[in-house]
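Encoded as structure tokens, the structure appears first; notes follow it.
Below, each value reflects all heavy atoms present in this structure, side chains not excepted, and no hydrogens, waters or symmetry copies. Predicted model, so just to flag it, every value in this text is computed and none were measured. All chains are named by letter (A, B, ...) in the order of the sequence lines, taking the proteins before the strands, and each is independently numbered beginning at 1.
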Amino acid sequence: MKWTETYIPTLREAPADAELISHSLLLRAGYIRKLAAGIYLYLPLMQRVISKFSQIVREEMNAAGALEITMSVLAPAEVWQESGRYDSYGKEQMRIKDRHQREMVLGATHEEVVTQLVRGELKSYKQLPLNLYQIQVKFRDEIRPRFGLMRGREFIMKDAYSFDRDIESHKAAYQKMIDAYFRIFDRAGLDTRKVESDTGAMGGEGAHEFMVIVETTAGEAHLLFCEACDYAANDEKATYIEADPPQVDAEEKPLEKVDTPGAATIEEVTEFLNVDSKRLVKTLLYMADDKPIAALVRGDRDLNLVKLKNACGSVEQPEMADAETVQKETGAPVGFAGPIGLKNIPLYVDQEVVRLKNFVVGANQKDAHYINANIGRDFKAAEVVDLVTAVEGELCPKCKGKLKARKGIEVGNTFMLGTKYSESMNATFLDENGRERNFIMGSYGIGITRTPQAAIERYHDDKGIIWPKNIAPYQVEIVPLNYKQDDLKAAADQIYADLRGAGIDVLLDDRLERAGVKLNDADLIGCPLRITIGAKSLKEGKIELKARCSDEVELVDLTQTVSAVQATLERLK
RNA sequence: CGGGGUGUGGCGCAGUUUGGUAGCGCACCUGCUUUGGGAGCAGGGGGUCGGAGGUUCAAAUCCUCUCACCCCGACCA
């Protein structure tokens with residue numbers, strides 16, 4: 001492709017609203033433009049990147065035996081009502097009405113639709129296993145779209161759905177997808193880590209996420225890795241063994257109310273009473289689907305909202321109760337809530353709290369706390385569960401190795417759905433005994449538009465993008481420093497024709513721009529290889545070959561250009 | 001949803017406090033010169049200042065309403 005014949009609107013100045021480097025570079029290098037909050041247009045360069053990555057995904061999915069289909073973006077609300085997710089998916093689901101006032105939804109994911117497709121037609125175990133996938137636009141009305149393609153409201157996703165007759169077969173299908181995912185990201189030049197994750201709105205029995213590890217703010221997911229074994233989990237999911245458990249008294253002491261004037265925060269209370277925050281238990285009031293609940297965790301811990309949501313079984317993520325509610329439910333201002341004497345509020349108690357004796361809690365009275373509180377004797381838990389977010393330094397639940405925290409960008413996920421959808425939507429087949437059974441399902445996503453941005457976040461410098469070769473819009477960019485000069489133009493045109501003839505994706509900057517403009521733009525858009533054609537080296541019959549990721553320039557004989565390019569590309573990631 | 005902020009040519013911004021009829025840089029067009037890391041000079045085109053209403057002789061500027069976009073928060077007892 002010639003630069004003047006395509007559309008690459010590069011910007012010298014970055015638009016003001018881009019926060020991430022990768023977002024800014026996508027805008028500046030002319031890959032995307034914003035239409036509305038969280039909605040982007042893909043320009044020719046981005047379209048090529050999307051095509052290349054999609055093709056890798058397609059090849060690996062096909063190789064794993066999955067079949068490509070296309071499902072509709074628009075779906076009648078009924079299918080979602082049938083699975084129960086019309087109510088449970090929440091405000092992220094885009095809903096619209098058609099001219100007949102029929103309720104429709106824009107697909108955020110397609111479990112319901114694919115189940116509806118298969119149901120009634122796939123009736124025999126002989127037709128299993130089956131894996132259907134599509135690469136298609138998705139809509140999620142994010143609370144707060146940001147970071148460009150990283151958290152958009154409209155985006156492209158590869159979503160696959162497996163149907164199996166039993167658990168063993170399903171596990172094999174799941175593993176096949178995991179293997180395919182590692183191959184996909186590897187081909188795209190990305191190192192990924194697989195971590196355990198919460199199943200979230202998807203439901204089901206287990207889930208994993210594929211993460212690109214980054215150091216920047218782009219890493220929205222907080223991950224915990226074991227230094228010793230292969231345990232890795234999202235912090236929504238991660239469990240741990242305490243590295244430094246507090247000392248526990250042998251005997252239960254009598255409950256005692258003490259004055260704690262003005263001591264409402266953990267710091268104030270621990271200081272005032274001179275106790276370790278590990279021996280203080282905070283009582284956090286939340287509203288779960290408009291009903292008050294209380295969560296009890298140790299003073300030094302952070303409550304994990306996902307774990308709380310799972311424990312209380314609410315539809316929406318619980319929200320912190322406001323001061324007014326706290327006053328009404330506990331009879332005390334914020335800072336003095338406690339489990340003793342709370343009426344009609346279920347207490348979800350973290351497992352660490354159960355191991356404590358004689359701890360401090362709020363007294364549900366202004367400026368007062370109880371000391372020597374004990375669970376069982378002084379109050380009863382509705383449920384004892386893990387409610388705490390794991391942190392670096394605690395021990396691995398598998399092997400007791402040290403846990404380390406990292407940040408990551410989620411580029412893929414896999415869900416073991418079990419029979420959640422096949423049961424709620426009554427999708428069944430007949431087994432060899434003629435018995436009707438529900439499909440065991442799995443679903444598998446890859447962010448087609450997000451992954452390239454993750455790659456940019458991972459691979460860039462202060463001048464621009466540095467693409468891995470397999471998802472670069474063009475593998476090579478030819479920069480004749482002066483295209484008006486006949487010999488430079490002739491050499492550039494010749495190399496352009498030769499490389500194209502050799503099946504290499506090549507961009508020729510045929511603009512009549514100054515050298516500096518073209519070189520800067522080349523660095524900005526980030527093709528892995530650059531061929532620079534200047535008067536000095538051309539006089540010797542040479543061109544300059546430079547990898548974007550390196551500062552080294554190789555002088556190559558004009559006639560050897562194609563083989564030199566092929567050899568260098570071979571070496572690159 | 002709560003708080004804060006911003007809307008002025010394609011992009012980045014000034015002008016708003018103190019009303020007087022719109023400006024700068026980049027980009028774009030023409031010409032000449034220039035040509036290995038975002039050139040110089042000269043000339044030129046493009047904006048009913050987010051929208052609606054109001055105050056006024058006069059509104060980008062003041063008032064009211066509205067829309068859009070951005071940031072922060074919504075893990076604290």
Side-chain angles (χ1 to χ4, degrees), chain A residues 9-19 23-24 27-28 30 33-39 91 143-148 217 222 235-236 260 262-270 277 280-287 294-299 301-309 316-323 325-327 329-330 332-339 360-364 366 369 387-389 391 462-464 479-485 488 509 511-524 530 532-539 543-544 546 551 553:
Chain A
T10 58
L11 303 170
R12 186 178 296 194
E13 288 170 283
D17 53 9
E19 254 193 294
H23 181 196
S24 171
L27 288 164
R28 217 150 68 77
R33 287 293 181 262
K34 187 175 74 171
L35 181 65
I39 302 176
K91 293 168 195 148
I143 304 179
R144 195 173 150 206
R146 58 182 139 178
F147 301 151
T217 51
H222 294 258
D235 76 344
E236 293 177 350
T260 52
T265 67
I266 291 290
E267 293 75 42
E268 287 159 1
V269 175
T270 52
S277 61
L280 191 145
V281 171
K282 48 189 177 187
T283 303
L284 309 170
L285 263 69
Y286 274 82
M287 300 302 287
L296 271 65
V297 300
R298 238 169 49 189
R301 296 302 192 188
D302 283 330
L303 175 68
N304 184 321
L305 276 179
V306 173
K307 290 180 179 177
L308 179 62
K309 174 176 187 283
E316 294 280 343
Q317 181 155 289
E319 286 178 24
M320 195 174 66
D322 55 31
T325 309
V326 171
Q327 178 75 44
E329 298 294 340
T330 69
V334 170
F336 300 97
V360 177
V361 295
N364 295 325
K366 184 169 164 45
H369 281 76
L387 287 178
V388 161
T389 302
V391 293
D462 56 350
K463 289 178 180 295
V479 182
L481 293 173
N482 184 350
Y483 200 64
K484 273 189 242 177
Q485 201 173 312
L488 295 192
D509 191 345
R511 292 176 300 171
L512 305 179
E513 286 286 352
R514 299 171 65 82
V517 172
K518 291 163 81 159
L519 291 169
N520 278 314
D521 273 348
D523 286 341
L524 185 59
R530 186 180 84 199
T532 318
I533 304 174
K536 278 174 243 162
S537 41
L538 190 64
K539 218 172 274 171
I543 55 96
E544 292 163 32
K546 181 184 167 301
D551 287 331
V553 175

When the distance from [atom1] of [X] to [atom2] of [N] is rounded to whole Å, what number comes out?
| X | N | atom1 | atom2 | value |
| --- | --- | --- | --- | --- |
| A/E19 | B/C69 | CD | C1' | 13 Å |
| A/K463 | B/G37 | NZ | C1' | 7 Å |
| A/R514 | B/A39 | CZ | P | 5 Å |
| A/K282 | B/A77 | NZ | P | 4 Å |

Under 4.0 angstrom, heavy atoms only, what part of the nucleic acid is [X] near: base, sugar-phosphate, or nothing?
| X | result |
| --- | --- |
| A/R298 | nothing |
| A/A37 | sugar-phosphate |
| A/D523 | base |
| A/R28 | base |
| A/Y483 | nothing |
| A/I143 | base |
| A/E268 | nothing |
| A/V326 | base |
| A/S537 | base |

Side chain of [X] only, heavy atoms from C-beta on: which candidate in [options] is closest?
| X | options | result |
| --- | --- | --- |
| A/K484 | B/G36, B/C69, B/U34 | B/U34 |
| A/N482 | B/A77, B/U35, B/C1 | B/U35 |
| A/L284 | B/G37, B/C69, B/A77 | B/A77 |

Counting Watson-Crick and G-U wobble pairs only, both distances under 3.5 Å, name the nucleotide matched with [N], or none.
| N | result |
| --- | --- |
| B/G2 | B/C72 |
| B/G19 | none |
| B/G31 | B/C41 |

Who pairs with [X] by salt bridge (charged side-chain N to carboxylate O under 4.0 Å, His left out), at least two apart in sequence or on another chain?
| X | answer |
| --- | --- |
| A/K34 | A/D17 |
| A/R530 | A/D523 |
| A/R511 | A/D509, A/D521 |
| A/K282 | none |

Check your understanding: Can you find a side chain N or O atom of A/K34 that sits less than 4.0 Å from OP1 or OP2 on B/C70?
Key ->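 The answer is yes; a side-chain N or O of A/K34 sits under 4.0 Å from OP1 or OP2.
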**Study point:** Closest non-hydrogen atom pair between A/P339 and A/T283, with its separation
**Key:**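 For A/P339 versus A/T283, the nearest heavy atoms are CD-OG1, 3.4 Å.
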Considering only nitrogen or oxygen atoms on both sides, find all protein atoms under 3.5 Å from nucleotides 25-29 of chain B and state each distance.
{"unit_1": "B/G25", "atom_1": "N2", "unit_2": "A/E13", "atom_2": "OE1", "d": "2.9"}
{"unit_1": "B/A27", "atom_1": "OP1", "unit_2": "A/R12", "atom_2": "NH2", "d": "3.3"}

Exercise for review: With sequence neighbours left out, write down each residue that passes side-chain contact (heavy atoms from CB on, under 4.5 Å) with A/A18, or none if nothing qualifies.
Suggested key: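 Per chain and number, A/A18 pairs via side-chain contact (heavy atoms from CB on, under 4.5 Å) with A/H23, A/S24, A/L27.
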Point to revise | Donor-acceptor pair, side chain of A/N304 and main chain of A/D235, under 3.5 angstrom | key: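 Yes, A/N304 side chain to A/D235 backbone: donor-acceptor pair under 3.5 Å.
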